[in-house]
Amino acid sequence: MSTEGKVITCKAAIAWEAAKPLSIETIEVSPPKEGEVRIKVLYTGLCHTDAYTLSGKDPEGAFPVVLGHEGGGIVESVGAGVDNVKVGDHVVPLYTAECKECKFCKSGKTNLCGRVRATQGKGVMPDGTSRFRCKGKDILHFMGCSTFSQYTVVSKYSVVAVNKSAPLEKACLLGCGITTGYGAAVKTPGIEDSNVAVFGIGCVGLSILQGAKAKGAKRIIAVDINDKKEEWAKKFGATEFINSAKLPEGKSIVDHLVEITDGGLDFTFDATGNVHVMRNALEACHKGWGVCNVIGVAPAGAEIATRPFQLVTGRVWKGSAFGGVKGRTELPGIVDDYLAGTLMVDQFVTHHESLEGINKGFEDMHAGDCIRCVVDMGFDHVEESA
Ligand code: NAD
Ligand code: AHE
Ligand code: ZN
């Protein structure tokens with residue numbers, strides 16, 4: 001029986017308040033309005049940004065909310081005026097939307113679309129309302145995606161169809177972590193033939209390593225405080241690994257990197273979210289031209305600091321979201337790279353959980369040997385209301 005135009009009753013993991021486990025609830029998902037798309041979410045990855053917002057450290061964090069932004073699913077129905085995806089398409093929701101019409105999209109300088117970002121940050125659809133209800137209350141959306149629900153509604157600008165041959169239990173990771181790191185590296189001009197250091201070897205850091213290798217960087221140094229990350233780093237393209245917590249007494253990671261690279265790195269990347277690491281990543285850059293790319297997300301109130309002299313002497317501090325990738329234009333090509341075997345994706349999945357086990361997935365994330373946990377949204381239990 002078609003569910004088009006009807007409220008769907010299904011399961012979702014709801015964050016009722018900060019710093020509490022998610023609660024598996026029965027939720028009502030309204031049909032998509034004009035310019036919106038309802039998606040049956042088959043799989044979702046767990047990203048550190050979900051944990052960060054759940055912890056209460058995100059200045060934009062608001063509750064109750066359906067978190068999740070690394071999903072893969074199938075279009076269930078579309079509202080009026082949707083012509084970029086159709087029922088049955090395999091899709092990845094995009095937390096960095098792409099309308100192709102706003103000042104940002106038309107600039108050719110950024111992937112940061114301005115079309116839906118303001119309402120997205122408030123946890124509502126572009127018309128200012130929510131499509132989720134549970135226990136008589138409106139539940140907020142998250143990052144324009146809310147993939148911790150078996151059905152979600154997103155703006156037409158926040159979704160892209162991908163090749164149906166791509167297994168969604170893996171391709172969902174291209175909705176955030178892998179694309180963020182890989183894009184940040186492959187879109188950085190001049191990385192070819194350079195030396196590069198990546199701080200933080202999680203999903204994002206490994207993806208930067210993979211991108212740096214693909215671009216032909218000649219020396220790729222991975223820095224982490226967990227020795228277990230050495231093997232991972234080498235598998236994804238690092239030529240060296242440094243445990244920055246195990247340097248000789250009195251030696252800083254900046255001094256060490258500057259020493260072994262004859263003055264510093266051409267490019268560094270922070271994939272930790274730690275503002276002290278971000279400073280080290282800048283200061284380990286070569287005088288005159290070194291570029292530090294900040295990708296990690298820091299808690300509310302945290303600020304970065306350095307001596308202005310570091311910038312006066314030619315180091316550049318910059319950053320990127322979603323790897324600078326324009327989701328609707330470029331993600332299908334990245335999925336095709338995965339299918340062609342030129343982009344590693346399967347290797348990132350170290351843990352699996354059911355929707356009911358999602359809190360265990362968050363515990364696994366913090367255990368140190370988890371790169372990505374993929375949650376199977378489990379459609380055996382779906383009821384659809386008339
Ligand atoms: P992760 O936790 O899997 O990886 C972080 C790694 O950093 C871990 O291996 C950890 O051991 C290491 N680390 C911690 N402290 C360190 C230190 N002092 N020095 C060196 N290494 C250290 O996380 P992830 O999923 O790879 O995400 C990394 C960061 O990127 C997070 O802050 C996340 O919120 C952010 N992120 C940003 C974007 C974006 O678009 N800008 C997208 C996705 C994730
Ligand atoms: N809401 C936070 C910022 C969180 C943040 O920086 N998010 C990244 C994506 S992390 C994905 O795992 C991002 O894309 N930022 C750009 C944007 O437009 O949201 C805050 O500090 O308010
Ligand atoms: Zn993420």
Side-chain angles (χ1 to χ4, degrees), residues 44-53 55 57-62 67-71 93-97 104 110-114 116-118 120-123 142-145 147 172-184 197-209 221-230 232-233 241-247 253 268-281 284 293-303 318-325 327 348 350-351 362 364-373:
T44 182
L46 305 184
C47 174
H48 283 75
T49 307
D50 298 310
Y52 153 85
T53 301
S55 75
K57 291 180 186 157
D58 181 351
E60 285 185 312
L67 296 169
H69 61 284
E70 207 172 60
L94 301 168
Y95 67 84
T96 303
F104 291 89
T110 180
N111 66 333
L112 297 175
C113 173
V116 300
R117 184 62 184 83
Q120 176 174 317
K122 293 188 172 77
F142 178 62
M143 290 175 76
C145 297
T147 58
C172 62
L173 301 186
L174 294 169
C176 184
I178 298 178
T179 305
T180 295
Y182 185 71
V198 179
F199 293 73
I201 308 303
C203 176
V204 174
L206 289 169
S207 306
I208 300 167
L209 296 173
I221 305 174
V223 182
D224 205 292
I225 52 174
N226 176 354
D227 279 332
K228 287 187 198 158
K229 296 300 174 90
E230 176 164 10
W232 278 99
F241 177 84
I242 299 170
N243 185 327
S244 51
K246 291 190 174 169
L247 292 169
I253 184 68
T268 64
F269 293 85
D270 165 72
T272 69
N274 176 325
V275 291
H276 305 292
V277 176
M278 293 175 193
R279 178 178 192 153
N280 289 340
N293 196 325
V294 172
I295 296 171
V297 172
E303 295 184 346
K318 57 183 286 203
S320 60
F322 199 42
V325 169
F348 286 84
T350 53
H351 292 66
F362 278 103
D364 291 341
M365 179 192 280
H366 299 298
D369 58 356
C370 175
I371 302 299
R372 268 302 191 256
C373 176

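Atoms within a ligand are numbered from 1 in the order they appear, just like the ligands themselves. What you see is a predicted model; the values in this text were computed from it and never measured.
The closest approach between a heavy atom of Gly177 and any atom of ligand 1 is not below 4.0 Å. Proximity of Ser320 to ligand 1 is established by a heavy-atom distance of less than 4.0 Å. Not a single heavy atom of Glu70 lies less than 4.0 angstrom from ligand 2. Within the structure, ligand 2 has Met143 among the residues with a heavy atom less than 4.0 angstrom away.
With Asp369, Thr272, Asn226 as candidates, the residue nearest to atom 13 (N) of ligand 1 on a non-hydrogen basis is Thr272. Of the listed residues (Val294, Asn111, Asp224, Ile208), the one carrying the non-hydrogen atom nearest atom 12 (C) of ligand 1 is Asp224.
Those atoms of ligand 1 that come under 4.0 Å of a heavy atom in Gly273, given as number and element, are 32 (O). Close contacts of ligand 2 with Cys47, meaning ligand atoms under 4.0 Å from a residue heavy atom, involve 12 (O). For ligand 1, the atoms sitting less than 4.0 Å from at least one non-hydrogen atom of Gly296 are 29 (C), 30 (O), 32 (O), 35 (C), numbered in the order shown with element in parentheses. Under a 4.0 Å criterion applied to the non-hydrogen atoms of Cys176, ligand 1 contributes the atoms 42 (C), 43 (C). For ligand 1, the atoms lying closer than 4.0 Å to a non-hydrogen atom of Ala271 are 5 (C), 28 (C), 29 (C). Close contacts of ligand 1 with Arg372, meaning ligand atoms under 4.0 Å from a residue heavy atom, involve 25 (O).
Judged by distance alone, with hydrogens and angles left aside, the side-chain atoms of Asn280 form no donor-acceptor pair with the main-chain N or O of Ile253 at under 3.5 Å. The closest donor-acceptor contact from the side chain of Asp50 to the backbone of Gly68 lies under 3.5 Å. Side chain of Asp227 to main chain of Glu230: no donor-acceptor pair is present (N/O by atom type, distance under 3.5 Å, no hydrogens or angles). Judged purely by atom type and a 3.5 angstrom limit, Thr268 uses its side chain to pair as donor or acceptor with the backbone of Ala281. At least one donor-acceptor pair under 3.5 Å links the side chain of Asp224 to the backbone N or O of Ile201. A donor-acceptor contact shorter than 3.5 Å links the side chain of Thr179 to the backbone of Leu174.
By the criterion of a heavy-atom distance under 4.0 Å, neither the backbone nor the side chain of Phe322 is placed next to ligand 2. At a heavy-atom distance under 4.0 Å, atoms from both the backbone and the side chain of Val204 approach ligand 1. Heavy atoms of Met365 found under 4.0 angstrom from ligand 1: none, in either backbone or side chain. Neither the backbone nor the side chain of His48 comes within 4.0 Å of ligand 2, counting heavy atoms alone. If you look at Val277 next to ligand 1, the close heavy atoms, those under 4.0 Å, all belong to the side chain.
Geometrically, ligand 2 and Thr49 share a nitrogen or oxygen pair separated by less than 3.5 Å. Between Tyr95 and ligand 1, an N or O atom pair is found at a separation short of 3.5 Å. Residue contacts with ligand 1: Phe322 is placed with a nitrogen or oxygen under 3.5 Å of a nitrogen or oxygen of the ligand (distance criterion only). When only interatomic distances are considered, the shortest N/O to N/O separation between Val297 and ligand 1 falls below 3.5 Å. Of the N or O atoms in Ile295, one or more lie within a sub-3.5 Å distance of an N or O in ligand 1. Inclusion of Cys203 in the set of residues having an N or O under 3.5 Å from an N or O of ligand 1 is warranted. Some N or O of Glu60 is nearer than 3.5 Å to an N or O of ligand 2, by distance alone.
Counting protein heavy atoms only, atom 38 (C) of ligand 1 is closest to Thr180 CG2, 3.6 Å. When hydrogens are left out, the protein atom nearest atom 34 (O) of ligand 1 is Thr49 OG1, 2.9 Å; that is the closest non-hydrogen contact. Among protein heavy atoms, the minimum distance from atom 15 (N) of ligand 2 is reached at Ala321 CB, 4.0 Å. At the shortest separation from atom 4 (O) of ligand 1 among protein heavy atoms lies Gly202 CA, 3.3 Å. Considering only non-hydrogen protein atoms, atom 2 (C) of ligand 2 sits nearest to Asp58 OD1, 3.1 Å. Ranking protein heavy atoms by distance to atom 7 (O) of ligand 1, first place goes to Gly200 CA, 3.3 Å. Protein heavy atom at the shortest distance from atom 15 (N) of ligand 1 is Ile225 CD1, 3.5 Å. The shortest contact between atom 24 (P) of ligand 1 and any protein heavy atom is with His48 ND1, 3.8 Å. Among all protein heavy atoms, the one lying closest to atom 9 (C) of ligand 2 is Tyr95 CE1, 3.6 Å. The protein heavy-atom contact nearest to atom 19 (O) of ligand 2 is Arg117 NH2, 2.8 Å. Among all protein heavy atoms, the one lying closest to atom 6 (O) of ligand 2 is Val297 CG2, 3.5 Å.
Between the side chains of Tyr95 and Thr180, at least one donor N or O lies within less than 3.5 Å of an accepting N or O.
Among all heavy-atom pairs drawn from Ala184 and Asn293, the shortest one is O-ND2, 4.2 Å. Closest approach of Leu209 and Val198 over heavy atoms only: CD2-CG2, 3.7 Å. Nearest heavy atom pair, residue Tyr52 against residue Pro299, reads CE1-CA, 3.7 Å. Shown here for Leu206 and Phe348, the closest heavy-atom pair between the two residues is CB-CE2, 3.8 Å. Heavy atoms only, all atoms of each residue included: Ala321 and Asn111 are closest at O-ND2, 2.9 Å. Between Gly45 and Leu173 the shortest heavy-atom distance is CA-CD2, 4.0 Å.
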Verdict with supporting geometry, Phe269 and Phe199, side chain to side chain contact (heavy atoms under 4.5 Å, CB included): CA-CA 6 Å; Phe269 293 85; Phe199 293 73; over 6 Å; no

query: After noting the C-alpha distance and the side-chain angles of His69 and Leu94, does the key distance pass the side chain to side chain contact (heavy atoms under 4.5 Å, CB included) rule?
result: CA-CA 8 Å; His69 61 284; Leu94 301 168; over 6 Å; no

- request: For the pair Arg372 and Glu70, evaluate salt bridge (charged side-chain N to carboxylate O under 4.0 Å, His left out) and give the outcome as yes or no after the intermediate values.
  value: CA-CA 11 Å; Arg372 268 302 191 256; Glu70 207 172 60; 2.9 Å; yes

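In this structure, Leu67 and Thr53 have side chains that are in contact, with non-hydrogen atoms separated by less than 4.5 Å. Using a 4.5 Å heavy-atom threshold, the side chains of Thr44 and Cys172 count as separate.
Angle SG (Cys47) to the Zn ion (ligand 3) to NE2 (His69): 110°, rounded to 10°.
Here the straight-line distance linking atom CG of Asp270 with atom NE2 of His276 works out to 12.0 Å at 0.5 Å rounding. Note that SG of Cys370 is 6.5 Å distant from CE of Met365, once rounded to the nearest 0.5 Å. Once rounded to the nearest 0.5 Å, the distance linking CG of Asn226 with OG of Ser244 reads 10.5 Å.
Taking backbone and side chain together, His48 holds no N, O or S atom under 2.8 Å from the Zn ion (ligand 3).
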